[in-house]
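Structure first, then comments.
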Amino acid sequence: MAKHAKHARVQADEAELSDSKQGVVEYDVTDNDTPQATSGMSLHQKKSKRTRVALIVVSIVLVVLIAVLAYFAFLLYQEASDVASQASNSTATTLKDAAEASDAKKQGSRLTAPNLVALLGLSQDEAITKVGRGATVSNSTDITQETGEGDSKTTEVVGKTVTVALTEQQADSKGNTPSVYLTLDKDGKITQAGYSAPMSTLGYGDVSFSDAVQEKHVVETLLGDAGLTVEKGSVVLPSSDEYRTYADDGKTISQEQYTFQGTAPAASDGAEHAWQCRLNYDYSAANVSNNLADTLRLFYVYVNA
């Protein structure tokens, strides 16, 4: 009985020892002694996860850097555009101011027509002396009149026309010199005095025909120089078909010409005088060269006694 009891205790002790061994936790020496039951993933999985996290962080940083660079690039572009715009506006303003200053200078120093009213009633020599400006007779033609019939027909000199070049005034590039025209009666007294000059030497540059009449009031201005009182704006531009001539193609303008006329009181004594003004724009040379600068622009003004 004792043996059997002892043997039973030994078996019980072995069973207890076996249970105790089964409760012992095994360790994975390949994972730095970390229990597999608590890790939940292999070493390869952990490395892959760390790599993904690092790539995500790097990607976010790169996106942020790209966004910052794009923002600063936009700011630089805006600043460059503003600078360019300001420079362009400044240049345009400077050019405009220079052009206006040039026009003002031209206008201020423009050639004035002689006082033609003051020449009426004078002799040829008196008129030349009064005009000055290097006045030199360039042409003189008798005005004749025939009287009688048949064998009794005679020719009588009843006056003359004289062209006086103003040599001290600059001619234009085409050689047109400002000139004075005198018509004298048989007694040698001036009954009509005229003046012509290129529009460029009068200080009006390349102004168009319509602008010369409507905007610059060239007719009224030069009549004022000639000694007449004419209200600015009183001279009206006619319809284009009255002053414009076309070439054979019916489209190309070959000439713009019109003679304005009327009466006005003299500024000196208020006496009424008849006057004529002719603007002549010839585009023949300009049409050949295709350059408007080659347009011949001339102005004529006449005052009668």
What are the two closest non-hydrogen atoms of [X] and [Y], and how far apart are they?
{"X": "Gly227", "Y": "Asn115", "result": "CA-OD1, 3.7 Å"}
{"X": "Thr167", "Y": "Gly134", "result": "OG1-O, 2.7 Å"}
{"X": "Glu220", "Y": "Ser234", "result": "OE2-N, 3.5 Å"}
{"X": "Ser210", "Y": "Leu237", "result": "CB-CD2, 3.7 Å"}
{"X": "Ala193", "Y": "Leu116", "result": "O-CD1, 3.6 Å"}
{"X": "Tyr283", "Y": "Ile253", "result": "CB-O, 3.5 Å"}

*asked:* Can you tell me how the ring of Phe260 sits relative to the ring of Tyr258, calling it parallel under 30°, perpendicular over 60° and tilted otherwise?
replied: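 Because their plane-to-plane angle is over 60°, the rings of Phe260 and Tyr258 count as perpendicular.
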_Which label fits Tyr281 and Phe209: parallel for a plane angle under 30°, tilted from 30 to 60°, or perpendicular past 60°?_
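Taking Phe209 first and then Tyr281, their aromatic rings stand perpendicular (interplane angle over 60°).
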*Should the pair Arg244-Glu256 be classified as a salt bridge under the 4.0 Å nitrogen-to-oxygen rule?*
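Counted as a salt bridge, because a side-chain N and a carboxylate O are separated by less than 4.0 Å.
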Kindly work out whether a path of hydrophobic side-chain contacts (I/L/V/M/F/W/Y, heavy atoms less than 4.5 Å apart) joins [X] to [Y].
{"X": "Val68", "Y": "Ile60", "result": "yes"}
{"X": "Leu75", "Y": "Val64", "result": "yes"}
{"X": "Val158", "Y": "Tyr181", "result": "no"}
{"X": "Leu298", "Y": "Leu292", "result": "no"}
{"X": "Tyr300", "Y": "Leu202", "result": "no"}

Check: [Y] and [X] side chains under 4.5 Å, non-hydrogen atoms:
{"X": "Tyr302", "Y": "Thr259", "result": "no"}
{"X": "Glu215", "Y": "Val207", "result": "no"}
{"X": "Tyr204", "Y": "Thr221", "result": "yes"}
{"X": "Asp206", "Y": "Arg297", "result": "yes"}
{"X": "His273", "Y": "Leu228", "result": "yes"}
{"X": "Leu222", "Y": "Cys277", "result": "no"}
{"X": "Pro114", "Y": "Arg133", "result": "yes"}
{"X": "Leu296", "Y": "Asn280", "result": "no"}

*Okay, side chain of Thr191, backbone of Ala305: is any donor-acceptor separation there less than 3.5 Å?*
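No.
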*Look only at the side chain of Ser254 and the backbone of Thr245, and say whether a donor-acceptor pair between them is shorter than 3.5 Å.*
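Flag set: sc Ser254 to bb Thr245 pair under 3.5 Å.
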To the nearest 0.5 angstrom, please state how far the [atom1] atom of [X] sits from the [atom2] atom of [Y].
{"X": "Lys232", "Y": "Lys216", "atom1": "NZ", "atom2": "NZ", "value": "10.5 Å"}
{"X": "Thr144", "Y": "Glu146", "atom1": "OG1", "atom2": "CD", "value": "6.5 Å"}
{"X": "His217", "Y": "Leu223", "atom1": "NE2", "atom2": "CG", "value": "13.5 Å"}
{"X": "Asn304", "Y": "Thr183", "atom1": "CG", "atom2": "OG1", "value": "8.0 Å"}
{"X": "Met199", "Y": "Ser208", "atom1": "CE", "atom2": "OG", "value": "9.5 Å"}

*I would like to know whether Asn287 and Thr252 meet side chain to side chain donor-acceptor pair (under 3.5 Å); could you show each step before the answer?*
CA-CA 8 Å; Asn287 290 336; Thr252 304; 5.8 Å; no
Please report, to 0.1 Å, the donor-acceptor pairs under 3.5 Å made by any side chain of residues 117-128, with sequence neighbours excluded.
from, atom 1, to, atom 2, distance (Å)
Ser123, OG, Glu126, N, 3.3
Ser123, OG, Glu126, OE1, 3.3
Gln124, OE1, Lys160, NZ, 2.9
Glu126, OE1, Ser123, N, 2.9

Going by atom types alone, do [X] and [Y] pair a side-chain donor with an acceptor below 3.5 Å?
{"X": "Ser239", "Y": "Asp241", "value": "yes"}
{"X": "Gln255", "Y": "Asp282", "value": "no"}
{"X": "Thr147", "Y": "Thr154", "value": "yes"}

*Flag if over 12 foreign heavy atoms under 6.0 Å of CG, Asn291*: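 Buried by this count: over 12 neighbours within 6.0 Å.
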*Can you tell me if CG on Asp269 sees more than 12 non-hydrogen neighbours from other groups inside 6.0 Å?*
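Count over threshold, so yes.
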*Verify side-chain contact (heavy atoms from CB on, under 4.5 Å) between Leu279 and Val213, making sure each step is shown before the conclusion.*
CA-CA 9 Å; Leu279 266 67; Val213 177; 4.0 Å; yes
*Partners meeting side chain to side chain contact (heavy atoms under 4.5 Å, CB included) with Glu272 (sequence neighbours left out)*: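 Glu272 satisfies side chain to side chain contact (heavy atoms under 4.5 Å, CB included) with Thr263, Pro265 once adjacent residues are dropped.
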*Can you name the ring pair (Phe, Tyr, Trp, His ring centres under 6.0 Å) partners of Phe299, sequence neighbours left out?*
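Applying ring pair (Phe, Tyr, Trp, His ring centres under 6.0 Å) to Phe299 gives none.
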